[in-house]
Structures are given as structure tokens and as C-alpha cells.
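Have a look at the structure below, then the notes.
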Amino acid sequence: MNESLLELTLEIIKAKSENPPGNESEVADIIKSRLKNYLNFKEIITGKDRINLIFGEGLDLVFNGHMDTVPIGNGWNHNPYGEYTEGKIYGRGASDMKGALSSLIISIEDIVDNGQKDLLKKCKFAFVADEEAGSKYGTKAILNEIKGKYGIVMEGSVLNEKIYIRPGVRGSLWLKIVSYGKSAHSSNPESGINAVMNLAEILIGLKNMKLNYKKHPYLPDPTMSLGTTIRGGEKINVIPDYAEATIDIRTITGMDNNEILSEIENRIKRLKNINDSIDFEILKIEENPAAEISLTSEIIKKAKKVINEVAGYSPGIMGGTGSNDASHMILNGTETLVLGPGDFVNDHAHGKDEFITLERLEKFVKIYGGLIKYA
Ligand SMILES: [Zn+2]
């Protein structure tokens, strides 16, 4: 059992970095104290308590891992600040992705301990902020600092203890639909316009909308989740003059966000032909395009070779449902692969009792170490 790997993972999980509110300073302090003696580093502050750390100056291979986590939430049976039981490390961020951070840190330390410090020269190691809330204070803000030939984003690529590689990620398009009405006393509803009811009509009207796309060889089909949040109305006896709902659309490469937006707009306009009191606005909250690298990329060859050496098999290709920082790096010209110890189906990432197995983290110490060696 790798004691130092276990200790470091528990230490990083214990350091709070829930986002929202967003504060990476505790985690950043731990990472700085571990790596500052081995590599030059740069600290890029992008907001109050929003910290990005970049170690090393190599441009051949850039590692990217996020330090923030989603909020802890309720209902845990294990300690959300870190607990080790029967091979599993529990805690918020264990799988997504504090475990991966500690695998990378230990792999760097092992390389130094083996007297191979020169191997680190070809790499850059970025520990970033804000991935869980859109990356505005993280990867998106520091893209030029983390541009390299190849990249690894350490999001999970394991399923049922089998390691995969993810050469592409879906994109996301987050929208807010606002419905405007006219307030009135609800004992006399005819004198007002009910924004909530109009919003309900809009959402139901969009239910049958089909997204236009060409099936992708490995990414899952695009999805549209309507009304993921909904808000409106102030008082039981007042006709509401305002209501809003969010829509979470996940796209694949080849789709055009503007086309999606105009399709939504046209559909709502058609509803207006039946109900002319509908008064709406569509706001774009966040937009991250889908992106992929060529299956013949060198980084895929290197990853396959290393995984073969460590795990004894050639990894298959996984098309995860989520989107992540890899898309920003790919679109910025860095051929980036998603490769990490997390298993998003089985680890309860973002849920209660999130965990990762120590065995997987041990494997990824070797995998990340191998990638550094072949960079
Ligand atoms: Zn993540």
C-alpha cells in the first residue's frame, strides 16, 4: 500500500474547495508545499481566493487538474472530509478530482526521488480553479499559459475498473428563458398576464424539439434538459409578472449553437401565434463547445503504450456524457486527452459518499509518470 499517496489524498480532500462559493487557496497551499522545491512555479490569481498554479515550463505535455469540488451536500454515510475504509478513499472530490491531483504529485516526487528530475523539463503541470462552475477563473482565464503541444486533463476515464481514454468531450450550452407578464390581484386574473403559466407553456412547447446532429462514433447523442431550475411568483394572491427557467443542452462536435438558439426562438414565436401574451427572452448563461482530437494523435499512441505497460491491456475509447476543461485546451490548439482515475458511473462523483479506490490512484501514479517519461 502506498502510504504517502493515501496520506496526501486525504490531506487534499480535507482542504475545503467547494465551488460555489469557490476558494482554492487551501488546496493550492498543500500543492505548493509539495512541489515548489522541484519546479519553478507561477501563481495566477484570477479573483478573490481564486488561484491557479503552474509548475514547470515544458511545452511538450501539459497536465491540467482542477482543485475545486462541487459542494458537499447532504446524506453522507462516510466522512465527506476524507475517510479510508477497505481500499476506498471517501470524501468530496475523491473521484472528481483530488485523487488524480495526488497521483500526479506523487508521480512527480517519485521521478525526482529516482534521480530523473530532468524528465520533468518537457512538461508543465497546471492546477486550476473553477472547473465545477464554468472555468471562468480557471482554465479559460489562463489558456495562453497552458498552451502546449499535447495535454492531459485528469478527469475520470475509468469504467468498472477498466481504464479508457477520452479523445473528445461533449460541449454544453446553458440557457435561461425569461417570461415577462403583468402583475395583478389574483382575484381578478384577467387584468394581468401570468408569467409562470406562459413559461410553463414555453417549456412544454419545447419538449418535442429535436436537436439536429450527425451521430458521433463514440460521443453519446446530444441531450436537452428543460427546466433544470425554475423560479417565479412572489405571493399566492398575486399574478406573477416574472418567471425564469434554465435549460442544459449538451452538444457534440459538428453542432451549431446559433442554430439551436434560433430553433428555440422560432418554436416560442410559433407559440405566440396561439397565445400572444407570451413575452420572452433567451439568455445565454454559459457556452462550452464540444471538441475532439484526431484518433491518430501522438498523445493517444503514448497513452496507449503507457496504459499497456501499467495495466497490461490497450485501452478502449470512452465517450463520456460530461463536458470539461479539455474542450478549451483542444480549441486553443493543444491536442488534449482526458485520462484520469475517476469512474463517473460508479464513484458517486458529485453525489453522497463519493470515493475512489487507492488501487486506481496507485495505477495512475505509474501512468502519469510514464507519460512524463515519454513526453
Ligand atoms: Zn472534474
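Both counts, for ligands and for their atoms, begin at 1 and track the order of listing.
Protein atoms of type N, O or S found under 2.8 Å from the Zn ion (ligand 1) total 4.
You'll find the side chain of Asn40 reaches within 4.5 Å of the side chain of Glu57, heavy atoms only.
With sequence neighbours left out, Lys42 forms a side chain to side chain donor-acceptor pair (under 3.5 Å) with Glu145.
Residue Tyr90 is not grouped with residue Val345 when hydrophobic side chains (ILVMFWY) are merged at heavy-atom distances under 4.5 angstrom, including chains of intermediate members.
Under 4.0 Å is where a charged nitrogen must lie from a carboxylate oxygen, and between Arg34 and Glu109 at least one such pair does.
Under the 3.5 Å distance criterion, the side-chain polar atoms of Asn52 are matched with a main-chain donor or acceptor of Ala129. No donor-acceptor pair under 3.5 Å is formed between the side chain of Asn114 and the backbone N or O of Gln116.
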